[in-house]
Protein chains: 2
Amino acid sequence: MKQENFETQQVDTKQRILDAAEHLFAHEGFKGTSLRDVTGRAGVNLAAVNYHFGSKEALLRAVMERRLIPLNQVRIERITKVRDSALQKGQRPPVKELLRAFIEPTLQFKESSPGAEDFVALVGRSFSDPDDTVRNVFMKLIWPLFQLIFETFHEALPELSEKTLLWRLHFMFGAFSQTMHICCGRFHSDTIKMPLENDSKTIISMFIPFITAGMHAK
Amino acid sequence: MKQENFETQQVDTKQRILDAAEHLFAHEGFKGTSLRDVTGRAGVNLAAVNYHFGSKEALLRAVMERRLIPLNQVRIERITKVRDSALQKGQRPPVKELLRAFIEPTLQFKESSPGAEDFVALVGRSFSDPDDTVRNVFMKLIWPLFQLIFETFHEALPELSEKTLLWRLHFMFGAFSQTMHICCGRFHSDTIKMPLENDSKTIISMFIPFITAGMHAK
DNA sequence: GTCTATAGATTGATAGAC
DNA sequence: GTCTATCAATCTATAGAC
């Protein structure tokens, strides 16, 4: 039993800071967001960030962990289920099902709450963020999922060399990252607007055939 | 006729600033790089940036234009050549050749000079940079190439709807961006190192079959 | 063209009252 | 836990001597 919530102010403030930081880190970048921006948007005092989290870097870590840990858990469960169910029948895991197990939870999650969409955009860029803090926090959280994906796709496509498989998974992640930006409206500039439907159904129906064909190439 | 170079100091300073900024923007990001970092690395005075370029944003523009304008010209020429040569024979442009015409100049360029590698990493991230300045400068320079690619792939794959083609090109650009990071050593974190060969020959032999299959999917 | 010096604003973080 | 006030460092940009 944790403490009763007769002091809801605390947890509220923490949540409000996390929500504001998530939105701003996604839209303005980690370096491009000041703690004043965060507390201003959250409607809390400037000092609250360092009181509740300790530092800007720790705040980023908290933003990442809050959503990425449960999301990764779902993705790992679904991929494992596809793998086990295939192995039980003495078959290879089907690439198409593995891809679905990877992207569907992300897309469902994206539509589950307004803030989640910001988070998805943030994660999509963390792959290649120039800031070491961002990349390190993200990589540490995503690494077990990466390993599982590599192993399972190796079972699905044993005829591919490790080198080839690694490159193809990189292409997949690159396409996926790009998609996460587009589907969160982060692929525009002042002069150029890209007209793209971005509902989950469309994305799945576009992504899976393209990547499946690429994975089976040659 | 421009002025004679009895005053080489000026052009030297400008080049040194451009080289330093290119490296730092690529490795630390635009927001993560201060003008002090740039002038420190270039070995010139802090005030020189604003004297020669006017502002940090104008410096970014100069860094982008210096290499991206000639690179895009080569890519446009090569894609146009593939397109014209096919149309002359009454055939569709082959997807494989279009992809080669798109990525080969980039990879050759990457190996042409040490600084070019930094530039390629910078461009690979500009797609999704959170900073409006970076995205706007980049998008304005890349837009004519995008349009040509869309038109030419539409001729190559007329059976695809515009919507499907646009999504597939996005997947291609995403995979390409990711590749540009990897091949410039920008896909690591403190704890995690990815062992990937990244010479041009390997990249071409990996990228083209994967994307070609994806483009022709279904 | 290059330099020093500095303006003027913003940053992350903290001390101490309540 | 929340607040005001502020420190110390940093930033872009510029003025003016040489």
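Letters A, B, ... are given to chains in the order of the sequence lines, protein chains preceding strands, and every chain is numbered from 1.
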Of all residues at least two apart in sequence or in a different chain, which pass the side chain to side chain contact (heavy atoms under 4.5 Å, CB included) check with [X]?
X: A:K31; answer: A:D131, B:K31
X: A:I76; answer: A:T80, A:L145, A:L148
X: A:K81; answer: none
X: A:F150; answer: A:E162, A:L165, A:L166, A:L169

inquiry  = Could you work out, with salt bridge (Lys or Arg N to Asp or Glu O under 4.0 Å) as the rule, every residue matching A:R16, not counting sequence neighbours?
reply    =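 Salt bridge (Lys or Arg N to Asp or Glu O under 4.0 Å) list for A:R16, sorted by chain: empty.
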Scoring nucleotides 3-18 of chain C by protein non-hydrogen atoms under 4.0 Å (B base, S sugar-phosphate only, - none) yields BB------BBBB----
